2 protein chains.
Amino acid sequence: MPIAGRYICGMFRPRVTLRDVARRARVHTSTASRVLNPATRELITEPIARRVTTAAEQLGYQPNPNAYSLKTNRTRTVGVIIPDIANPVFPPILRGIEDAFAESGYTAVLANTDNDGDREGTIFQEMLARRVDGLILATARRRDPLVDRCLLEKIPVVLINRTVDRGDVSFVVNDDTFGIGLAVAHLAAMGHVRIAHLSGPLTLSTGFSRHRGFVRAMKKGGLRAEPKRIGVCGGFTESEGRRAFLELRERDRTFTAVVAANDMIALGCYDAAREIGLRIPGDFSVTGFNDMPFLDKLQPSLTTVRIPHYQMGAQAARTLLARLNGGLAAVEHVTLLPELVARDSTAAPSRRTRRGR
Amino acid sequence: MPIAGRYICGMFRPRVTLRDVARRARVHTSTASRVLNPATRELITEPIARRVTTAAEQLGYQPNPNAYSLKTNRTRTVGVIIPDIANPVFPPILRGIEDAFAESGYTAVLANTDNDGDREGTIFQEMLARRVDGLILATARRRDPLVDRCLLEKIPVVLINRTVDRGDVSFVVNDDTFGIGLAVAHLAAMGHVRIAHLSGPLTLSTGFSRHRGFVRAMKKGGLRAEPKRIGVCGGFTESEGRRAFLELRERDRTFTAVVAANDMIALGCYDAAREIGLRIPGDFSVTGFNDMPFLDKLQPSLTTVRIPHYQMGAQAARTLLARLNGGLAAVEHVTLLPELVARDSTAAPSRRTRRGR
DNA sequence: TCCGTTCGTGCAATCGATTGCAGGGCCCGG
DNA sequence: CCGGGCCCTGCAATCGATTGCACGAACGGA
């Protein structure tokens with residue numbers, strides 16, 4: 001068994017423990033413990049407390065988190081489960097989580113599932129085995145067994161980005177309905193009437209509510225959301241966007257704009273348009289969703305809906321912290337407002353396209 | 001103090017411990033421990049071992065990592081310190097690390113420094129406080145106090161992507177010199193002679209060795225690496241790329257190609273070119289480095305050098321694991337080979353530019 | 001038959017903290 | 001002057017594993 005300690009200036013120094021601090025301060029370890037723990041600090045009188053804190057400082061004492069966790073059953077660790085960190089929406093979310101946790105001494109442990117149910121289960125088990133105090137899930141489907149399990153087993157959990165249909169769980173999401181409304185209103189204001197929608201998977205709250213948002217916004221604008229002008233993608237991917245666009249165009253060639261459920265799907269539209277020789281925004285306009293990095297560098301730059309990803313992560317972390325510290329905090333639903341970022345992929349319909357082709 | 005346990009099927013079940021397993025198998029806890037630990041498994045006879053394993057299985061036993069860590073001083077956790085997860089080169093590296101660790105039971109804990117020295121120090125301290133078994137650093141500068149400290153304190157560490165000048169530390173990096181050589185050779189083959197370089201910070205091994213690689217490759221190709229055609233960026237950023245490009249062009253207007261030290265700097269060249277009305281690759285060619293996502297979507301798509309990021313992460317994790325398991329493993333230097341990805345930002349110099357302007 | 005060796009298992013200390021409980025000192029009132 | 005109560009601090013058990021050491025059984029040889 002290795003001996004705890006570190007090399008300082010080339011010399012091996014055994015690790016400083018609470019005992020060492022107590023010994024130096026000439027008090028019992030329990031007293032030292034109470035001084036160093038903010039919650040019990042007030043139990044000890046000032047002069048003794050000072051002796052302990054100075055001793056701790058002089059020795060460079062750092063508490064052993066394993067001993068703490070073993071005794072208290074709290075690891076000050078939370079699991080963050082996301083589909084894929086390579087998806088550019090997640091890094092800012094993660095930074096938000098990290099920053100919000102930093103002050104409170106919690107650490108986030110990350111895992112990617114690639115949207116694979118089995119892998120999700122495995123990771124969930126491993127997180128529990130690691131004794132995380134809570135979970136932040138960005139992988140929820142509208143009906144999600146993992147979320148059900150968290151609730152059943154009373155594991156503190158906060159959903160992020162996506163949510164579930166059952167309402168008895170905390171989440172922090174973007175207002176997808178409102179966001180899509182922004183895109184539709186933007187297009188309608190430019191004179192578009194025959195607007196199509198390429199939705200994401202309807203089993204995900206994001207896909208579902210953006211789809212619903214599209215239908216509502218069209219109705220509200222006095223426009224018709226024709227079923228033939230709605231395509232459903234099997235995933236939020238470029239290839240699915242391309243496929244769904246081509247399929248859509250088989251059914252209808254009169255639309256003048258496409259509201260894509262996210263930026264990747266919009267990129268799929270770019271690909272398809274290039275293939276079949278259509279110009280954006282000359283032949284049709286496109287809007288995305290998320291405002292990924294580098295969209296402004298595309299040709300044409302993509303009009304999209306910006307989501308406050310960083311705040312989303314930070315808020316989710318705060319919500320979880322409240323639950324972890326406060327014990328049985330109430331279920332909290334937070335919805336953040338997105339904003340439209342108008343760029344060059346949207347323009348007024350040309351006279352030619354306005355007539356239909 | 002909360003009692004360890006979980007809710008299963010709505011009922012609270014106290015956590016299963018090694019004692020429970022031992023009791024059920026009618027053996028001592030030490031025996032159960034030895035059976036469940038692969039290293040000591042052979043000490044126990046088969047029939048008894050079987051009793052223990054079935055008992056463990058029936059009870060759904062999961063060892064408490066905190067107790068393990070407290071006793072053994074190993075947390076099976078490693079810290080991964082990177083500048084910024086939002087930089088698209090890091091997610092694939094992280095995935096590689098995660099996957100390579102997954103099998104061995106290690107967990108990576110991530111932290112971002114934003115290239116801030118103070119923050120680096122803080123994070124380093126926190127990692128040590130968390131008792132990580134080792135570190136993977138992607139933040140190294142050529143002379144790096146943090147790396148020095150790791151070596152002094154004998155903390156297992158592997159550098160990734162960037163390295164330091166002192167050679168007595170393990171690292172996994174890309175062959176930057178070779179990679180830049182690919183870009184230079186590609187341009188030279190197209191007929192470019194007056195090639196410029198926008199280097200990254202020379203205090204980073206990446207900036208330095210790409211710069212050196214440029215000079216060497218030019219010499220090797222029988223070309224002159226003129227100082228006036230070399231600009232230095234203060235950071236691997238778009239804005240620095242733009243600034244350095246404009247500055248470069250003040251000094252020299254005869255170059256027909258720019259080898260940028262990375263993709264962001266190349267993007268800065270795009271910005272500058274647009275501002276002053278130059279066309280790529282009509283007026284000059286540009287190459288990047290890293291092959292970030294979406295470069296193929298740019299107008300024009302960017303010729304760049306692809307780095308095997310995922311493998312880099314995986315290899316770094318394996319190198320660290322060898323050190324952690326094998327005790328005093330030798331210092332290991334791994335260099336991965338990049339490849340050229342030719343796209344539309346490079347073309348033969350036009351007759352006009354070939355003459356100089 | 002008896003003793004020595006070997007092999008397998010149990011005993012108990014230990015890692016480094018937290019915390020309920022007990023005890024001692026001090027202050028104040030009778 | 002003495003006793004009771006109230007803080008403040010110390011004692012010791014405890015969390016759940018690992019591991020050096022000791023002990024007992026089984027076996028083989030004399």
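Everything numeric here is computed off the predicted structure, so don't read it as measured data. So you know, we letter chains A, B, ... as the sequences are listed, proteins then strands, and number each from 1.
Distances were taken from every side-chain heavy atom of A/Ser30 (C-beta onward) to each of C/dA17, C/dC15, D/dC11; the shortest belongs to D/dC11. Looking at the side chain of B/Ala67, the nearest of the listed nucleotides C/dC15, C/dA17, D/dA17 is D/dA17. Comparing D/dT19, D/dA17, C/dA17 against the side chain of B/Leu18 picks out D/dA17 as the nearest.
As a whole-Å value, the separation of B/Leu36 CG from D/dA17 P is 9 Å. Whole-Å rounding puts the B/Asn73 CG to C/dT14 P distance at 16 Å.
With sequence neighbours excluded, the residues satisfying side-chain contact (heavy atoms from CB on, under 4.5 Å) with A/Val35 are A/Arg41, A/Ile44, A/Ala49, A/Val52, A/Thr53. A/Val164 meets the side-chain contact (heavy atoms from CB on, under 4.5 Å) test with A/Ala140, A/Asp144, A/Val147, A/Leu159, A/Arg166, A/Val169; sequence neighbours excluded.
If you run side-chain contact (heavy atoms from CB on, under 4.5 Å) between A/Ile136 and each of A/Val157, A/Ile160, A/Asn161, A/Ile82, only A/Ile160 comes through.
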Strand DNA chain C in bracket notation, Watson-Crick/G-U under 3.5 Å with | for pairs to another chain
||||||||||||||||||||||||||||||
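The two residues A/Ala108 and A/Ile97 have their closest heavy-atom pair at CB-CG2, 4.2 Å.
For DNA chain D, the residues of residues 41-56 of chain A within the heavy-atom distance limit of 4.0 Å (strictly under) are A/Leu43, A/Ile44, A/Thr45, A/Ile48, sorted by number.
In this structure, B/Thr17 reaches the sugar-phosphate backbone alone: every heavy-atom distance under 4.0 Å involves primed, P, OP1 or OP2 atoms, never a base.
In this model, the phosphate group of D/dA17 is approached by a side-chain N or O of B/Tyr61 to a distance below 4.0 Å at OP1 or OP2. In this structure, B/Ser33 reaches the D/dT18 phosphate: one of its side-chain N or O atoms is under 4.0 Å from OP1 or OP2. The shortest distance between the side-chain N/O atoms of B/His28 and the OP1/OP2 oxygens of C/dT9 is not below 4.0 Å.
Note on B/Asp148 versus B/Arg142: no salt bridge recorded, every NZ/NE/NH1/NH2 to OD/OE distance being 4.0 Å or above.
Within the structure, the salt bridge (Lys or Arg N to Asp or Glu O under 4.0 Å) test picks out the following pairs touching residues 120-135 of chain B (sequence neighbours left out): B/Glu120-B/Arg141.
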Sub-3.5 Å pairs of nitrogen or oxygen atoms, protein against nucleotides 21-27 of chain C:
none

